[in-house]
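Notes for the one structure printed next.
Numbering starts at 1 and runs along the sequence shown. Since this is a predicted model, take the numbers as computed values, not measurements.
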Amino acid sequence: MEMTIDQKRALARDLIRRNHQAGPPVAVVERTPPSLDDIGEEFYRPEQFPVYKSLLAQEEVLKQLGVKNPYFNCHADVSRNTISIEGQNYINFSGYNYLGLSGDPELNAAVTKAIERYGTSVSASRIVSGEIPLHRELEAELAAFHGAEDAVVFVSGYGTNVSTIGHLFGPKDLLLHDSLIHNSAMTGCILSGARRMPFPHNDYEALERLLREHRTKHERVCILTEGVFSMDGDIPNLQRLIELKAKYKALLMVDEAHSAGTIGATGHGIAEYCGVEPTGVDIWMGTLSKSFASCGGYIAGCRALTLNLRYAAPGGVLYSVGMSPANAAAALAALRKLDRVSDRVKSLGDNSRMFVSLAKAEHLDTGPSCDSPVVPVIVSNSVHCLKLADRLFKAGINVQPMLYPAVSEEASRLRFFITALHTPGQIWFTVDRTAGLLREVRSER
C-alpha cells in the first residue's frame, strides 16, 4: 500500500531522531596524497631495483667461493658434443643440439640458398606481406611429424607458449598444469587470466581429483604437461592423460620441446614413445631450437586451432614479424633429414642410458630421468653445485648448474644434455670426474 504524505513525514522524523541518538557521525580522516619526495629510488632507478641488488650479491658470493661465473660463456664454434670457449676445448653438456644437425652441411646449404633468394628477413608480419613459401612448407612438415591436420610457427619458442595459452583461455577457464611445467607455460597461464591449479608432478590421481571437483565450474579446461620434463628428464604417462581429458571433456596440451626428435623409435616424440595415437592430444607445442637445429616454436593440431592462432594470437602471425628465411630453411631441412638419421636417435638413447647407468653405479642422484637426453645430477646444495660446476669446467667439461629459483634449494643440480655425438669415452670420463669432484667438494668445510 502506498504511504500517505503524513506517513512519509513521520518516517523521516523517526529516521532523523535515530541518527541523533546514535551519536555524532564519525569523522572522516582525509589522507594527504604522497608527494614526489616520498617516492623512493627503488621505484625509478634501475640500480636500486631489488633484482639488480640480488645479482650484485650473487657476484659477491661467487668471489668469496673463488669460482668463475658459470653463465654467459661465449663459444667460438658450433655447439656439438665439444665446444670451444676462450680458446679452450671442452666436452659439452650444455647444448640442445641433440641430433647434431646444427652445423650439418645439408642444413647450411639450405640456409644459404634461402638467404640468397629471400634475404635475411621477411621484413613484415606474415599476415601483412611477410609470408614466404618456406613458412607453409615448414608447417606442413611439422603437421605431418605430429600426425596433425595443420601447424603454425612462431618466431620464439618461449613466446609460443605465452601467446598460445594467453590467447586461447580466459577468466572463465581453468588451467591444470603439472607442477614442474616450464616457465613459459606458467607465464602464458598468468597472462590468460584463467584460474590456474598445479597438480603434483605426474600425479594422475591428484589431477583427477581436481577435474572431478572443478571441471563443471568452468567453461574450457586444459591440462598442460611436457613430453620430456626439462629439469628432471622424465616422461609422463600420455595414455593416462588422454583418458582423463576425454573423460572430463577437457583439452590436453603437450610441450614437446625436449621430446620431439629425441624419444620414440624414430624420434617422433612422446606419442611414438608411448604408443598412442597423436590425435588424442589437442595442442602439440614444440620448439625448433633443439632437435630441429633452428630457432622458434610451433603449435600443431586441428585446422580450427591453427586458423584461430594464425589470425588472432597476438604474439604469433598477427603482430610479430615472420620467421626469418634462414631459420625456416634450417628447421625444414632438419625435419626432412630426420628419417634419414634414425641411427642418431638410437645413439642418443644409448648414450643417455649409458650416462644414467654409470652415474647410478657411482651413487650419483640422477632423479627420475629415463630414456631422455636430459639427465640431472642432483647435488642438493647450491654452494656445492657451483663449486662442482667450476671444477668440472677446469677439468674440461662444460655443464651448467641449476640453482634456486629455477629449482628449489634441495633440488639444486647440474643438468647434462646428452647428444647423439657424445662418445662412450666422453661419457665415462665425465661421470668419473663428476663423482670424484663431488666427493671432494662435499668433504671440504
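With values rounded to the nearest 0.5 angstrom, Tyr52 atom OH is found 11.0 Å from Arg45 atom CZ. Rounded to the nearest 0.5 Å, atoms CG (Asp255) and OG (Ser184) are 6.0 Å apart. With values rounded to the nearest 0.5 angstrom, Ile165 atom CD1 is found 9.0 Å from Thr187 atom OG1. Here the straight-line distance linking atom CD1 of Ile299 with atom CG of Asn161 works out to 6.5 Å at 0.5 Å rounding. In this structure, His135 NE2 and Tyr118 OH are separated by 9.5 Å, a value rounded to the nearest 0.5 Å. With rounding to the nearest 0.5 angstrom, the CZ atom of Phe93 is 12.0 Å from the CD1 atom of Ile83.
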### Task
Could you check Glu243 against Arg240 for salt bridge (Lys or Arg N to Asp or Glu O under 4.0 Å), going step by step and ending with a plain yes or no?
CA-CA 5 Å; Glu243 291 169 356; Arg240 182 73 178 117; 3.7 Å; yes
### Query
Yes or no on side chain to side chain contact (heavy atoms under 4.5 Å, CB included) for Glu149 and Cys302, after CA distance, side-chain angles and deciding distance?
CA-CA 5 Å; Glu149 287 183 346; Cys302 67; 3.6 Å; yes
### Query
Taking it one step at a time, do Thr164 and Phe154 satisfy side chain to side chain contact (heavy atoms under 4.5 Å, CB included)?
CA-CA 10 Å; Thr164 298; Phe154 296 70; 3.6 Å; yes
### Task
Evaluate the side chain to side chain contact (heavy atoms under 4.5 Å, CB included) criterion for residues Leu210 and His214: first the C-alpha distance (whole Å), next the side-chain angles of each, then the deciding distance (0.1 Å), finally the verdict.
CA-CA 6 Å; Leu210 290 174; His214 298 284; 4.1 Å; yes
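The neighbour count for Arg215 CZ, taken as heavy atoms of other residues, nucleotides or ligands under 6.0 Å away, is above 12. Annotation for Arg212: atom CZ counts as buried by contact number, over 12 foreign heavy atoms lying within 6.0 Å. Few gaps surround NZ on Lys217; more than 12 heavy atoms of other groups in view lie less than 6.0 Å from it. Residue Glu86 places its CD atom among 12 or fewer non-hydrogen atoms of other residues, nucleotides or ligands, all under 6.0 Å distant. Heavy-atom neighbours of Glu60 CD from other residues, nucleotides or ligands within 6.0 Å: above the threshold of 12.
Residues Lys68 and Asn73 have side chains that bring a donor and an acceptor to within less than 3.5 angstrom of each other. Under the 3.5 Å distance criterion, with hydrogens and angles disregarded, no donor-acceptor pair is assigned to the side chains of Asn398 and His75. Counting only N and O atoms by type, the side chains of Ser347 and Asp350 include no donor and acceptor under 3.5 Å apart. Side-chain atoms of Ser382 and Glu409 include a donor-acceptor pair closer than 3.5 Å.
Salt bridge status for Glu139 with Arg126: present, with a side-chain N to carboxylate O gap under 4.0 Å. The residues Asp173 and Arg196 are annotated as not salt-bridged, no charged nitrogen and carboxylate oxygen being separated by less than 4.0 angstrom. A salt bridge does not link Glu47 with Lys53: every distance from a Lys NZ or Arg NE/NH1/NH2 to an Asp or Glu carboxylate oxygen is 4.0 Å or more. Looking at Arg433 and Glu362, no side-chain N of the basic residue comes within less than 4.0 Å of a carboxylate O on the acidic one, giving no salt bridge. Under the 4.0 Å criterion applied to side-chain N and carboxylate O atoms, Glu137 and Arg336 are assigned as salt-bridge partners. Of the charged side-chain nitrogens involved, at least one lies within less than 4.0 Å of a carboxylate oxygen, so that Lys247 and Glu208 count as a salt-bridged pair.
For Ser163 (side chain) and Gly315 (main-chain N/O), a donor-acceptor pair under 3.5 Å exists by modelled atom type. Panel note: side chain Ser412, backbone Asn381; a donor-acceptor pair is recorded below 3.5 Å. A donor-acceptor pair under 3.5 Å is absent between the side-chain atoms of Asn92 and the main chain of Asn81, judged by distance alone. Side-chain N or O atoms of His268 include none that pairs as donor or acceptor with a backbone N or O of Gly264 at under 3.5 Å. A donor-acceptor pair is defined here as one N or O able to donate and one able to accept, closer than 3.5 Å; no such pair exists between the side chain of Ser102 and the backbone of Ala293. For the pair Arg413 (side chain) and Ala411 (backbone), a donor-acceptor distance under 3.5 Å is present. Side-chain atoms of Ser380 come within 3.5 Å of backbone N or O of Glu410 as a donor-acceptor pair. At distances below 3.5 Å, not a single donor-acceptor pair connects side-chain atoms of Gln426 with backbone N or O atoms of His422. Judged by distance alone, the side chain of Arg344 and the main-chain N or O of Leu99 form a donor-acceptor pair under 3.5 Å. Looking at Trp284, its side chain does come within 3.5 Å of a backbone N or O of Pro278 through a donor-acceptor pair.
Tyr298 and His146 have tilted rings, their planes meeting at an angle from 30° to 60° on a 0 to 90° scale. Using the six-membered ring where Trp is involved, Phe417 and His258 have ring planes that are parallel, under 30° apart on the 30 and 60° scheme. Ring planes of Phe145 and Phe292: perpendicular class, angle over 60° (limits at 30 and 60°).
Nearest heavy atom pair, residue Thr279 against residue Gly147, reads CG2-O, 3.9 Å. Smallest separation of non-hydrogen atoms from Pro236 and Thr225: CG-OG1, 3.8 Å. The minimum heavy-atom distance between Ile235 and Val228, with the atom names listed, is CG1-CG2, 3.9 Å. In terms of heavy atoms, Asn97 sits closest to Ser79 at ND2-O, 3.1 Å. Of all heavy-atom pairs between Val345 and Gly261, the closest is CG2-O, 3.9 Å. The two atoms that bring Val122 and Gly130 nearest to each other are CB-O, 3.3 Å, heavy atoms only.
When Leu392, Asp390, Ile397 are each tested for a side-chain contact (heavy atoms from CB on, under 4.5 Å) with Lys394, only one passes: Asp390. Of the residues Val399, Val375, Leu364, the one that meets the side-chain contact (heavy atoms from CB on, under 4.5 Å) test with Leu414 is Val399.
Legend: residues meeting side chain to side chain contact (heavy atoms under 4.5 Å, CB included) with Pro46, ordered by chain and number and at least two apart, are Phe49. Take Asp282 and apply the side chain to side chain contact (heavy atoms under 4.5 Å, CB included) test, not counting sequence neighbours, and it matches Lys245, Leu251, Leu252.
Sorted by first and then second residue, the side chain to side chain donor-acceptor pair (under 3.5 Å) pairs with a member in residues 364-375 read Tyr273-Asp371, Arg353-Asp371; sequence neighbours excluded.
Val341 has its side chain within reach of Lys337: a pair of non-hydrogen atoms, C-beta onward, lies under 4.5 Å apart. The side-chain heavy atoms of Arg209 and Glu205, taken from C-beta on, include a pair separated by under 4.5 Å.
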